[in-house]
Amino acid sequence: MSDHDTEPATYDVAATEQKWQQVWGELDIFRADDVAVASGQREKRYALTMFPYPSGDLHMGHAEVFALHDVIARYWRLRGFEVLDPMGWDSFGLPAENAAIRNNEHPATYTYANIETQASSMRRYGLAFDWSRRLHTSDPEYYRWTQWLFLKFRERGLAYRKKSPVNWCPHDQTVLANEQVVDGACERCGAVVTKRDLTQWYFKITDYAQRLLDDLDTVADAWPNRVVVAQRNWIGRSEGAHVDFVVEGREEPLRVYTTRPDTLYGATFMVVAADAALAGELVSDAQRAAYDTYRDEIRKASDIERLATDRPKSGVDLGVTATNPVTGEQMPVWASDYVLADYGTGAIMAVPAHDQRDLDFARTFGLPVRRVVDTGEENPEESGVATTGDGVYVASGPLDAITDKATGIRTMIERLQDEGTGQGTVNFRLRDWLLSRQRFWGCPIPVIHCPTCGEVDVPLDQLPVELPELRGADLKPKGVSPLAGAEDWVNVDCPSCGGPARRDSDTMDTFVDSSWYHLRFTSPGHTEGPFDVAKLRLWGPVDQYVGGLEHAVLHLLYARFFTKVLHDMDLLDFVEPFTALLGQGVVINNGKKMSKSLGNGVDLGDQLDTFGVDAVRLTLVFASPPEDNIDWADMSPAGSSKFLQRAWRLSGDVTSVAGSDPSTGDMAMRRVTHRTVHEAQELVESHRFNVMVARVMELVNATRKAIDSGCGPADPAVREAVEVVAVLLSLVAPYTAEEMWERLGHQPSVAQADWPVLDPALLIEDSVVAVVQVQGKVKARLDVAPDIAEVDLEVLAMADPDVVRAIDGREVRKVVVRAPKLVNVVV
RNA sequence: GCCGGAGUGGUGGAACGGCAGACACGCAGGUCUUAGGAACCUGUGCCUUCGGGCGUGGGGGUUCGAGUCCCCCCUCCGGCACCA
């Protein structure tokens with residue numbers, strides 16, 4: 001009986017998890033060392049995963065993103081980088097507040113209890129986080145600096161208040177940013193969003209629209225394409241012109257934005273957004289009553305109704321006319337809800353022949369249609385279909401000889417600029433970021449409203465403005481912030497004049513908190529500013545960000561905006577926060593999103609109890625490419641568990657001693673090992689983790705075979721192979737890998753092991769299979785030397801009996817040789 | 001409507017323009033077992049007259065060679081959408 005026959009065939013998963021959690025805690029090996037980076041001893045890598053919101057325990061989605069993230073962080077560590085791999089919580093937000101109302105508690109109770117639950121689950125899950133850098137956005141030490149940043153933004157004119165129609169969620173009783181309204185409904189609760197005229201705080205993200213667009217190019221290669229595209233669409237840059245129209249009896253011209261100034265000769269009327277102040281200013285006395293009626297009507301309509309594109313056009317004649325600057329014609333000015341108040345100038349020139357919406361409107365109200373571009377298609381006046389393509393300009397004065405849009409637009413803009421009636425300009429779809437929220441559990445806005453001084457900043461040395469103690473019923477949404485009711489808190493002396501004043505009672509959108517947390521992680525205890533500029537210089541920017549893509553135009557856009565502003569404030573020296581982004585898919589069950597109402601949720605804790613941490617992690621990593629969705633019903637965690645036991649068993653079979661020289665070992669086994677290491681490197685770096693796992697499985701299979709029916713368990717090549725299995729598995733299944741590493745006679749931890757050193761000589765096979773095709777179909781396989789000459793390979797191939805038979809005496813027209821892999825005979 | 005992706009066995013998925021289906025799951029058969037829901041081995045795209053033929057959503061094209069590149073179409077997923 002050899003020693004390994006008496007080993008147990010399996011290991012105790014639960015006991016192993018207990019054991020290593022303790023060892024890892026004592027070793028404290030995942031702490032990121034500023035000095036190692038500052039001294040140039042090791043190159044830095046910053047690996048970051050989107051920090052969670054603390055609602056309940058971790059779920060399957062967290063399990064996936066953390067497993068993927070950990071592969072990268074652990075790989076970097078093994079490759080000798082100094083890795084910053086921090087974790088924290090995005091701990092302000094509505095669910096805590098709603099839970100507090102339900103349970104008559106303080107939101108902090110719910111929040112911090114959940115944080116502890118999640119932190120303990122993360123430890124169990126075996127993640128290589130540097131816990132010394134933990135932060136919570138709801139801690140005063142953190143949100144003090146969120147407030148500081150707000151005031152700095154305000155100082156630069158990037159935070160301002162304005163009254164405007166805003167998105168209002170009647171369920172959550174708060175306003176929402178444009179980005180949080182999805183198909184006319186609240187992103188969070190699904191309630192239909194309505195409009196309210198409110199004075200709210202905004203960040204001037206539109207000032208950065210062009211840079212946010214341009215700099216996407218610098219990350220486009222390392223970000224998922226769909227995020228780059230989504231942001232481009234969201235920013236929505238368009239090129240066009242402003243054109244001024246003189247309105248009788250009004251000093252200021254009526255300015256419009258158009259992308260088709262070249263069709264100005266075809267403009268037959270004007271339309272102003274019905275809900276814009278401009279419409280009220282323009283309307284004639286005779287038409288005022290009709291306009292008021294119309295405006296009140298459309299204000300009642302929800303965004304959902306407005307969004308219906310096949311909705312019939314409606315509007316009202318404002319009873320005034322504007323002068324077309326090129327034709328001198330008087331055109332009627334209308335108001336309609338198909339023109340948006342907050343895009344462009346809130347007014348358009350209507351060219352019904354060449355814009356479908358204008359044509360629909362013209363046909364509804366019997367307004368004239370004048371074709372000025374002949375595209376060869378039927379005249380829109382008859383067909384009812386507007387033409388938008390290139391064509392010959394007609395009845396367009398100096399444009400008449402022109403045959404393409406680009407020249408037409410350029411020519412018209414030049415003329416308008418010469419005459420002072422218009423100019424070329426750029427417009428963006430992006431709107432300013434509405435950041436006030438009428439809720440309690442968020443970062444207070446550090447501004448005081450004084451009846452004499454107006455909006456006054458809370459002095460920097462008085463930050464943070466801490467939340468008052470409110471709980472239960474006091475938190476019930478009433479349409480104004482619960483903070484407004486905390487009289488002791490709200491009523492303060494004006495910092496400027498000392499008179500009675502009131503604090504701003506709104507809190508900030510939680511996306512403000514998460515727009516800079518990645519910077520704070522570089523110096524989480526810093527008390528002199530939001531982060532230590534020198535430390536950030538060491539670690540920033542994030543080298544690899546991992547997270548869900550539901551934030552494509554939310555967090556990922558806001559964080560980019562913050563980065564650019566802070567760059568302009570000389571607080572950091574990069575312009576993009578996340579150099580590379582990996583967007584993981586969603587874990588679903590039986591083809592459907594997991595949800596309480598469907599009752600198809602898979603509980604992560606249950607899965608971990610049943611299969612063990614490693615098996616669940618392995619299953620998630622092996623399931624598919626990281627960015628694809630995973631249907632848990634199609635997965636086999638039991639299979640993963642079986643594989644891990646199989647791999648673990650190898651470590652008990654090795655009979656050579658630790659430190660044996662592998663160079664005396666079996667060459668075939670060594671080649672497999674080294675090829676696996678080589679491929680694993682490339683696969684991890686290109687994020688094809690599922691294939692990396694497959695290669696490790698192949699190595700395990702090959703090693704099993706070598707032990708049972710090959711070079712045997714004593715061969716040092718077998719030890720080398722099993723050690724490589726342990727190191728590679730440590731990226732995905734750290735518990736099993738530690739057990740293996742220990743059984744192989746090494747000191748913990750495998751997380752501190754050296755990445756296997758590749759022997760390039762072992763990557764060269766001693767023979768390769770050359771495929772011989774006739775007419776592109778495989779007819780023979782030849783074992784040849786990897787460095788075989790093309791002529792030799794061709795001779796060998798043409799002599800092969802199967803090849804000769806396939807050619808069947810036909811004339812060989814051409815032979816393609818790609819030594820040493822392939823020959824294709826064309827007959 | 002505009003802009004992006006993606007369609008490969010029963011399933012998840014592999015495949016620098018060069019052997020389609022790696023690696024798994026599942027299934028079938030076997031070995032060893034008192035037993036097998038353990039371990040190990042074998043087989044597993046479809047058709048076949050056993051020579052071979054056909055196969056990567058459909059149709060064309062480029063190429064000695066196409067899942068991969070190009071064009072058209074279909075389906076599904078995502079983003080934008082009365083944005084002038």
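In what follows, chains are A, B, ... by sequence order, proteins preceding strands, each numbered from 1. When reading the values below, keep in mind they use all heavy atoms of this one structure, side chains included, and skip hydrogens, waters and symmetry mates.
Note on A:Arg237: nothing from the nucleic acid sits closer than 4.0 angstrom, heavy atoms only. At a threshold of 4.0 angstrom between heavy atoms, the contacts of A:Arg688 are confined to the sugar-phosphate backbone, with no base atom among them. Note on A:Arg818: a base of the nucleic acid sits closer than 4.0 angstrom, heavy atoms only. Residue A:Val778 is in sugar-phosphate contact alone, with no base atom involved, counting any heavy-atom pair closer than 4.0 Å across all strands shown. A:Lys777 comes within 4.0 angstrom of the backbone, heavy atoms only, and of no base. Within the nucleic acid shown, A:Ser238 comes within 4.0 Å of sugar-phosphate atoms alone, with no base atom in reach, counting heavy atoms only. Nucleic acid contact for A:Ala694: base, since at least one base atom lies under 4.0 Å from a heavy atom of the residue.
Residue whose closest nucleotide on RNA chain B sits further toward the 5' end, between A:Val816 and A:Asp628: A:Asp628.
Across the P atoms, B:rG29 and B:rA20 are found 31 Å apart, a figure rounded to whole Å. Taking atom P on both B:rA28 and B:rG36, the two are 15 Å apart, rounded to the nearest angstrom.
Here the P atom of nucleotide B:rA20 and the CD atom of A:Gln773 are 7 Å apart, to the nearest Å.
Remark: side-chain polar atoms of A:Tyr265 are not paired, donor with acceptor, to backbone N or O of A:Arg371 under 3.5 angstrom. A:Arg255 places no side-chain N or O within 3.5 Å of a backbone atom of A:Val243 that could act as its donor or acceptor partner. In this structure, the side chain of A:Tyr343 does not engage the main chain of A:Asn427 through any donor-acceptor pair within 3.5 Å.
OP1 or OP2 of B:rA81 has at least one side-chain nitrogen or oxygen of A:Arg429 nearer than 4.0 Å. Between A:Lys821 and the phosphate of B:rG18, there is no side-chain N or O to OP1/OP2 separation shorter than 4.0 Å. The side chain of A:Asn233 places no N or O atom within less than 4.0 Å of a non-bridging phosphate oxygen (OP1 or OP2) of B:rG4. The phosphate of B:rA84 (OP1 or OP2) has no side-chain N or O of A:Tyr338 nearer than 4.0 angstrom.
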- [ ] Let me see the working for A:Trp433 and A:Phe511 under ring-ring contact (aromatic ring centres under 6.0 Å, His included), right down to the final yes or no.
- [x] CA-CA 10 Å; A:Trp433 173 9; A:Phe511 280 111; 7.5 Å; no
N/O contacts under 3.5 Å, protein versus nucleotides 24-28 of chain B?
{"unit_1": "B:rA24", "atom_1": "OP1", "unit_2": "A:Asn701", "atom_2": "ND2", "d": "2.5"}

